[in-house]
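Quick notes on the structure that follows.
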Amino acid sequence: MKKYSYKKSNELFERAVEVIPNGIYGHFSPAPLVPVSAYPFYIESAEGSHFTDVDGNEFIDYMCGYGPMVAGYKNKTIDKAVFEQYQKVDTVTGAPEVMVDLAEEMVKTISIADWAFFAKNGNDVTSYALMAAREHTQRKKIIRLKGGYHGVHPWTQSPDHPGIIFDDAKNIILGKWNDIDDLKRIIKEHKNEIAGLISTPYHHPIFFDNEMPHEGYWQEVEKICRKEGIVLIIDEVRTGFRIDERGANETFGFKPDLICFSKAMANGYPISALVGTNEIKSSVSKVFYTGSFWFSAVPMVASLETIKYLKANKGVEKMHDYGKKMEKGLVDLANKYGYDLKVSGHPAMPFYRITDDPTTKLHQQWCAECTLRGAYFTSHHNWFVSTAHSEKDLKLTLEIADDAFNALKKNN
Amino acid sequence: MSVEEKIKAGVNLYAVIKNIEQLVVLDPEIKELVKNWKISIEFRVKNGPVASIRFKDGKCEVIKGKFRKVDVVLFFFSEAHLNKMFDGNANPLPLKGFTRLGFLDKEFSKVTDKLEYYLKPTPELLKDENYMRINTIFTLVTAINALPVIMEFDPKAKLTGSHLTDGSLFINVENGPSAFVKTGPNFLEVEEGDSEKATCEMTLRNINIANQFFSGEVDIFSALAKQDIKINGQTYLLDNIGLILDRIPIYVS
C-alpha cells in the first residue's frame, strides 16, 4: 500500500511559524500527533467523509474536524440552504428570521429545552451556563470534573498553565467522574455555596480510556443537585447530535437544567447554543452576553438544516451502526495480529487503544501507519464518525488497518 | 524565607554545582587541575538544604545531603546567604576544615569560575562549537536537576506535580547528552535510564536545537511540528514536565 508524504504541508508550516504563534495553534496544533511526520497539516478540500490535503493525499476523515462535520463535507441538502441564505444576508444590523426557526427546532428536538440561546463556539456557551447558574442561585462556586474539557477560558484550565492564575480557579472545585461519594463530600464541605455542576454526559478525556456513567450515576447526581439547589449543566459540545438528538441525557435517563451544544449542530458552520428549562430562563435573560457574529444567519440556517437532516436520515442510528461495525472489524484485525485493541466511549465517537503497550508507543505507531495510508486516526483523542461514512469507507478503512497492523508487527 | 530564595538555593545546590561532575571531564584545564585532589566539601544551610561535593582520583561527585566523612563544612545562615555567595556577594562560615580555606579561595574558585564561564554564554562564545556543546550539557543538567526543587516550592509547579502520573521521560540530544527522569504523583527524580526503560521520549534533533530548547528560546509546538523535537509514548507526561521546565527561568538567571 502506498504511503503518503507531506512536502507542501511542511513548507507551509515553515512559512506559518514566521507569522503565526505556534504555526498552527490550539487543538489543530500538530504537536500531539505522534509521530508528527505521519500527519498532514494543511487541507485543500473535502467532500463527504473524505478530505484532501495540500499535497494531494486523500483521507477518510475519522476526526471530522474534531467533531463539527456530522453529515458529510459539502452536504448538498445543508449547503443548498446555506448558499441561498448567503445570497440574502449573513451578518447585518439585526437578528435574522431563521434565529426563531432554529430556536423552535431545538425546543422541539431537545427534550429539556424550553428555549435556546445562540453564540459561536462551545466555550461561549459553557461560560454563559456558569454565569446563568451563578445568577440563578446567587452562589459562587462551580464543580467541574477532572479530565473534563469545557473550552479554554481561564475557569476551564488548571492554574498551573501559562496565562492562568490561581484566582481564576478560586471558585472552581474539581470533582471526580462517576464518584457520588466525592460529590457528596464536596457539597458537604461547601454547603449552600455551589451554583452549578458542569460535566460531559460521559467521560471522554484525551489520552485515556473513555468511561460511561455507572448505573444510577446520573439519577443520583440529578437527585443531589435538585435537593441542594445546584444547577446541573451538561456539556454536549462534543457529544451533541451524535449520541441522541434529544440530548445524551435521554440515553442516560436524567434531566439537566442547561445543555451546551456546538460542533456537530451545524455540520461545520460556526455556531453554538445553550438550551435550558423555563425554571432558569429568567436568570439567563438577566445575564448580558453577546458577540459580534452571534446573529449571523448562515450558520443558523446550517444548523436548522443539519438538525432536520440528522432526524430525517436517522443520523444518530447510522453513526452508531457504522461505529459498531468499524469496532468489530478493527478489533478482529488486531486479534489476527496478536494485539488487543480496546474500544471505549460511544460508537459514534470511539476512543481506541492498543493495550499491549501501556506507554502507547505501539498505538501511536499503528495510528500513524493508518494515517500514512489514508485513514486519518489520532492516538490521543476520541475519533468521530459521520453519516457520510459509507460501507465503501469501512472496507477501505479495514484494508488500511490490516496493512498498518502488518507493518506494526514487522517493525516491533 | 521567601519561596524564591528557597528555590534559588535548591537550584544552586542541587542543580548548578551538579555540573562540576561533568566540568572535570569536559574541560582539559579543570581536568588537569583536579587530577590529584582528594577533598570533600559540604554546603550546609541552617534549617535548609545540604549538598556535598567530593573530588577523588580526578573525578567529582555531587550529592544531595552529606558524605559520611567530610573535610570542609561551609555553613550558611539562610538560603539568602547561600544565594548571595553564589552571586559573589557573601562568604560562608567555615565550620570545619579551616586549614583548607586557602585551597577554597585559590584552587576551588578556579573550578567555580570556569563553571560560571560555561553557564553564562554570550552570542560570541556560543559561536565556538565546543563551548556550545558544554553549555548545552550544563544547561540540560541544570534544568533536569532543578525540576524537583521547583516542583517542591513553586506554587504552580507544585500543582503540576500533583498531576504527574507514574512514568518516566528520556530526553535525548542526537549525538549529545541525555537525561532520564522518573515521575509519579508529586514525585520527580533524576535517575540513570535509557530509551528502552522510558514511557515517554523526547529527542532533540541536534545540539543547536537542544541549546535553544534548554535556554527557553524554542517554541516547542513549532519545534515539534518541524520535527526539531520528536516525542513519543506517554506524551501527557511531557506536557506536565514542560510546565515545570517553563518555571525555571523565573529562578535561574
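This structure is a prediction, so every number in the text was calculated from the model and none was measured. Residue numbers start from 1 in every chain, and the chains themselves are labelled A, B, ... in the order their sequence lines are given, proteins ahead of strands.
When each of A/Thr156, A/Thr126, A/Asp235 is paired with A/His150, the side-chain hydrogen bond (donor to acceptor under 3.5 Å, both in side chains) condition holds for A/Asp235 and for no other. The only option from B/Ile209, B/Ile207, B/Asn208 that meets the side-chain contact (heavy atoms from CB on, under 4.5 Å) definition with B/Thr136 turns out to be B/Ile207.
In this structure, the portion of B/Leu243 lying under 4.5 Å from any heavy atom of chain A is its side chain and not its backbone. Interface remark: A/Tyr25 contributes no atoms to any contact with chain B (heavy atom separation under 4.5 Å). Heavy atoms of B/Asn232 lying under 4.5 Å from chain A belong to its backbone as well as its side chain. For a residue to count as touching a neighbouring chain, one of its non-hydrogen atoms must lie under 4.5 Å from one of that chain's; by this rule A/His161 touches chain B with backbone and side chain alike. Neither the backbone nor the side chain of A/Tyr6 has a heavy atom closer than 4.5 Å to any heavy atom of chain B. Using a 4.5 Å cut-off between heavy atoms, A/Gln365 makes no contact with chain B at all. For B/Asp239, the part lying under 4.5 angstrom from a heavy atom of chain A is the side chain only.
Relative orientation of the A/Tyr66 and A/His27 rings is perpendicular, given thresholds of 30° and 60° on the angle between their planes.
Ranked by heavy-atom pairs under 4.5 Å with chain B, the list A/Val36, A/Asn22, A/Val34, A/Thr360 is led by A/Asn22. Highest contact tally toward chain B, considering only A/Pro159, A/Gly23, A/Pro30, A/Ser29, is held by A/Pro159 [criterion: heavy-atom pairs under 4.5 Å]. For the set B/Ala223, B/Ala225, B/Pro155, the count of heavy-atom pairs under 4.5 angstrom toward chain A peaks at B/Ala225. Most heavy-atom pairs under 4.5 Å with chain B: of the set A/Ser9, A/Ser37, A/Pro32, this distinction falls to A/Ser37.
Using a 4.0 Å cut-off between charged side-chain N and carboxylate O, B/Glu201 and A/Lys361 make a salt bridge. Salt-bridge formation is not detected for the pair A/Arg15/A/Glu18: no Lys NZ or Arg NE/NH1/NH2 atom is positioned less than 4.0 Å from an Asp or Glu carboxylate oxygen. By the 4.0 Å N-to-carboxylate-O rule, B/Lys197 lies too far from B/Asp194 to be salt-bridged with it. A/Lys7 and A/Asp55 are not joined by a salt bridge, as no carboxylate oxygen comes within less than 4.0 angstrom of a charged side-chain nitrogen.
A/Lys8 forms no cation-pi arrangement with A/Phe41, by the criterion of a distance under 6.0 Å to the ring centre and an angle within 45° of the ring axis.
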